[in-house]
Amino acid sequence: VGASVSWTPPLSLASQIPNATSGICTITCNSFVNGTLTGTRTCSVTLTVPATVVPSISSVTVEDANETVVTKIGAYVKSLSTLSVAITAAGIYGSTISSYRTSLDGVTYTAASFTASKKLSAAGDMTLTVTVTDSRGRTATYTNTFNVLDYAVPSIKKFSAERCSSDGSAAQLDGTNVRYSFEGRVNSLGGKNGLSCVVYYKLKSATAWTQAEKMSITSYNLSATNKLLTQTYDALNSYDLKVRLTDYFYYVEQSVSIGTKGVILDFLSDGTGVGLSLIHISEPTRQ
């Protein structure tokens, strides 16, 4: 090297201290005369790994474990989406990743890959933050903000039914036709959610339901007023009616009952007796 030399320690030396940010470097100077070693001196210097030498996060993969949400909606959805996260990170110049810390929806996870412990709990913008720490104690951070669609299960605000005239224009206690009114709502999820609304009926004494009609869908906010059903309902039998409102994920139901018409005189079918509905009228009290 001649009488003097200038030397810059290369970053590759950091590979010799994978678990620390600084180390002792020993420099040895050997003197030669005609190729013969005539003396040796050493000196030491502390070398510090630059602050710019940090681990790296090459990828953070986020997937929704709810396949129906993925295929039908194509977005993250409150109360439905459960996220799975996979992190790819690496140390540098010999360091290794010693810990992972991911903050998601108010919960902290410490694995390189995991499935969230709960469904997404809020709508709007949500932030995912990943921090990895290497064996030197150096950190790298990844942040991603994504949107979550709002969702609530379908809701039925109103369902009522009554006997009516044959054209459905007026209520009729002894009618053999039935009309109903309904109000319900389903979250649209950006216009991609499914929607179905079906009315069923059965005799009060029966267990199986029969479809009365499937409502025509024009909006995620459904309503019908005095809608006439096509079936006839024997005036001497009681019936149950129910409506089922369904989207891709849940359904809700509500039931009502329709009684028989009022009967004052009823002859038994075998001719052995008569049934009477008695009305008691009290005589006014005299003063």
Quick one: pull up [atom1] in [X] and [atom2] in [Y] and give me the separation to the nearest 0.5 Å.
X	Y	atom1	atom2	result
Ile97	Ile57	CD1	CD1	8.0 Å
Cys197	Leu222	SG	CG	5.5 Å
Glu162	Ser181	CD	OG	7.0 Å
Thr127	Asn144	OG1	CG	8.0 Å
Ser79	Asp150	OG	CG	8.0 Å
Leu83	Leu128	CG	CG	8.0 Å

[X] and [Y]: same hydrophobic cluster, using ILVMFWY side-chain contacts below 4.5 Å?
X	Y	answer
Tyr251	Phe159	no
Leu203	Ile258	yes
Val70	Tyr76	no
Leu245	Ile217	yes
Tyr201	Val178	yes

Could you tell me whether the side chain of [X] and the main chain of [Y] form a donor-acceptor pair under 3.5 Å?
X	Y	answer
Asn187	Ala152	yes
Ser56	Ser58	no
Arg163	Tyr233	yes
Ser98	Thr133	yes
Thr38	Ser31	yes
Ser135	Pro18	yes
Gln231	Ala212	yes

Are more than 12 heavy atoms from other residues, nucleotides or ligands located less than 6.0 Å from atom [atom1] of [X]?
X	atom1	value
Lys192	NZ	no
Lys202	NZ	yes
Glu63	CD	no
Lys242	NZ	yes

Do you see a donor-acceptor pair shorter than 3.5 Å between the side chains of [X] and [Y]?
X	Y	value
Tyr180	Glu213	yes
Thr88	Ser59	yes
Ser257	Lys204	yes
Thr28	Thr42	no
Ser165	Asp167	yes
Asn30	Thr40	yes

Does a side-chain heavy-atom distance below 4.5 Å link [X] with [Y]?
X	Y	result
Tyr220	Arg185	no
Val199	Phe182	no
Phe249	Val153	no
Asp247	Leu195	no
Val69	Tyr248	no
Arg244	Glu253	yes
Tyr93	Arg136	yes
Val85	Tyr100	no

Would Tyr142 and Thr129 count as a side chain to side chain contact (heavy atoms under 4.5 Å, CB included) if you check the C-alpha gap in whole Å, the side-chain angles of each, and the deciding distance to 0.1 Å? CA-CA 6 Å; Tyr142 166 92; Thr129 302; over 6 Å; no
What are the two closest non-hydrogen atoms of [X] and [Y], and how far apart are they?
X	Y	answer
Ser22	Thr46	CB-CG2, 4.1 Å
Ser223	Met215	O-CE, 4.4 Å
Ser15	Gly94	OG-N, 4.1 Å
Ala161	Val256	CB-CG2, 3.9 Å
Asp134	Ser95	OD2-OG, 3.0 Å

From CA spacing to verdict: side chain to side chain contact (heavy atoms under 4.5 Å, CB included), Val186, Asn193: CA-CA 8 Å; Val186 167; Asn193 199 1; 3.4 Å; yes
After noting the C-alpha distance and the side-chain angles of Asp64 and Ser81, does the key distance pass the side chain to side chain donor-acceptor pair (under 3.5 Å) rule? CA-CA 6 Å; Asp64 194 338; Ser81 293; 2.5 Å; yes
Among Leu80, Asn66, Val148, Val77, whose side chain to side chain contact (heavy atoms under 4.5 Å, CB included) with Leu120 holds? Val148
For a side chain to side chain contact (heavy atoms under 4.5 Å, CB included) check, start with the C-alpha distance between Arg138 and Ile92, then their side-chain angles and the critical distance, and finish with the verdict. CA-CA 10 Å; Arg138 298 283 175 83; Ile92 187 170; over 6 Å; no
Using a 4.5 Å cut-off between side-chain heavy atoms of Ile, Leu, Val, Met, Phe, Trp and Tyr, which other residues end up in the same hydrophobic cluster as Val54?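 Grouped by the 4.5 Å side-chain rule, Val54 forms a cluster of one, so the answer is none.
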With a 3.5 Å cut-off and sequence neighbours excluded, list the donor-acceptor pairs that the side chains of residues 102-116 form with protein atoms.
from	atom 1	to	atom 2	distance (Å)
Asp105	OD1	Ser121	OG	2.8
Asp105	OD2	Ser121	N	3.0
Asp105	OD2	Ser121	OG	3.2
Tyr109	OH	Ser117	N	3.0
Tyr109	OH	Ser117	OG	3.2
Thr115	OG1	Ser84	OG	3.0

Go through the steps to decide whether Ser238 and Thr260 satisfy the test side chain to side chain donor-acceptor pair (under 3.5 Å), and finish with yes or no. CA-CA 5 Å; Ser238 296; Thr260 62; 4.8 Å; no
